[in-house]
Amino acid sequence: MKTEPDAFGIADLKKRRKQTEHWDGVRNYQARNFMRAMQPGDQAFFYHSSCAEPGIAGIAEIVCVAYPDFTAFDPKDPHYDPRSFAAKPVWYMVDVKLAREFKLPVTLARIKATPALKNMRLVQRGNRLSIMPVTAKEWQTILKLEKED
DNA sequence: GCCAACGTTGGC
DNA sequence: GCCAACGTTGGC
């Protein structure tokens with residue numbers, strides 16, 4: 001799950017009550033569908049994008065299944081979408097809880113330099129999805145990289 | 001700030 | 001349904 005640390009980073013999640021926050025603002029159908037497939041207890045990499053050092057900053061745990069993203073209902077919200085209303089929501093979100101912050105982030109540069117991760121969706125051509133699946137193998141490889149630091 | 005790559009929009 | 005124009009993402 002990608003986020004811009006200037007807007008909401010892992011340090012912000014850590015400060016939230018119960019270190020939990022809802023993941024609002026997803027306005028892409030593919031990303032939404034991936035989010036709707038999530039189950040409580042699932043884990044996700046917490047990725048920092050559009051910053052000095054893009055990379056995986058830690059791990060979050062999915063707290064609940066997807067429910068309507070209420071920020072889409074609010075005309076004053078930057079992510080307002082008049083097509084989505086309470087009776088027929090278009091956009092969804094999950095709640096995520098901090099599982100753990102990496103001592104050192106696994107940087108995008110490092111991921112790109114790791115042959116076992118060359119097929120990762122994150123590093124594939126023109127990838128712009130803010131939420132994407134990670135294979136079990138990729139997950140393990142990332143954890144191994146983190147351990148090596 | 002640049003720009004490639006993509007998704008979305010809207011005229012026809 | 002096509003496709004050009006536009007907006008957004010995100011690394012660099």
* N/O donor-acceptor pair under 3.5 Å between Asn127(A) side chain and Leu129(A) backbone -> yes

* Donor-acceptor contact below 3.5 Å, side chain Arg110(A) vs main chain Leu145(A) -> yes

* **Listed nucleotide nearest any side-chain atom of Ser50(A), set dG10(C), dT8(B), dT9(B)** => dG10(C)

* To do: Return the value, rounded to whole Å, for the distance between atom CE of Met120(A) and atom C1' of dG11(C).
  => 16 Å

* Minimum heavy-atom separation for Met93(A) to Pro68(A), with atom names? -> CE-O, 3.7 Å

* Asked: Tell me: CD of Glu4(A) to P of dG10(C), nearest whole Å?
  -> 7 Å

* To do: Determine: side-chain N/O of Tyr47(A) to OP1/OP2 of dG11(C), distance under 4.0 Å, yes or no.
  => yes

* **Rounded distance (Å) that lies between atom P of dG7(B) and atom CE of Met132(A)** => 12 Å

* N or O in side chain of Lys2(A) less than 4.0 angstrom from dG10(C) OP1/OP2 -> yes

* Distance in angstrom units between Ile56(A) CD1 and dG10(C) C1', rounded -> 16 Å

* Asked: Is the backbone of Val90(A) close enough, under 3.5 Å, to the side chain of Arg32(A) for a donor and an acceptor to pair up by distance?
  -> yes

* **Side-chain (Asn33(A)) to main-chain (Gln30(A)) donor-acceptor, under 3.5 angstrom** => no

* Could you give the CG-to-P distance, from Leu122(A) to dG10(C), as a whole number of Å? -> 10 Å

* Give a yes-or-no answer on whether the side chains of Thr71(A) and Arg27(A) include a donor-acceptor pair shorter than 3.5 Å. => yes

* To do: Please determine, for the side chain of Ser49(A), which listed nucleotide (dG11(C), dG7(B), dT9(B)) has the closest atom?
  => dG11(C)

* To do: Let me know the distance between NZ of Lys112(A) and P of dC12(C), rounded to the nearest Å.
  => 4 Å

* Structure fact -> Value for CD (Glu146(A)) from CD1 (Ile59(A)), rounded to nearest 0.5 Å, stands at 7.0 Å

* NA contact type, Arg83(A), heavy-atom cut-off 4.0 Å: base, sugar-phosphate, or nothing? -> sugar-phosphate

* Take the protein atom CD of Gln30(A) and the nucleotide atom P of dT9(C), then report the distance between them rounded to whole Å. => 15 Å

* Nearest whole angstrom, please: distance from the P of dT8(C) to the CZ of Arg27(A). => 13 Å

Pairs: protein N or O with nucleotides 3-5 of chain B N or O, under 3.5 Å:
from   : atom 1 : to        : atom 2 : distance (Å)
dA5(B) : N3     : Arg128(A) : NH1    : 3.3

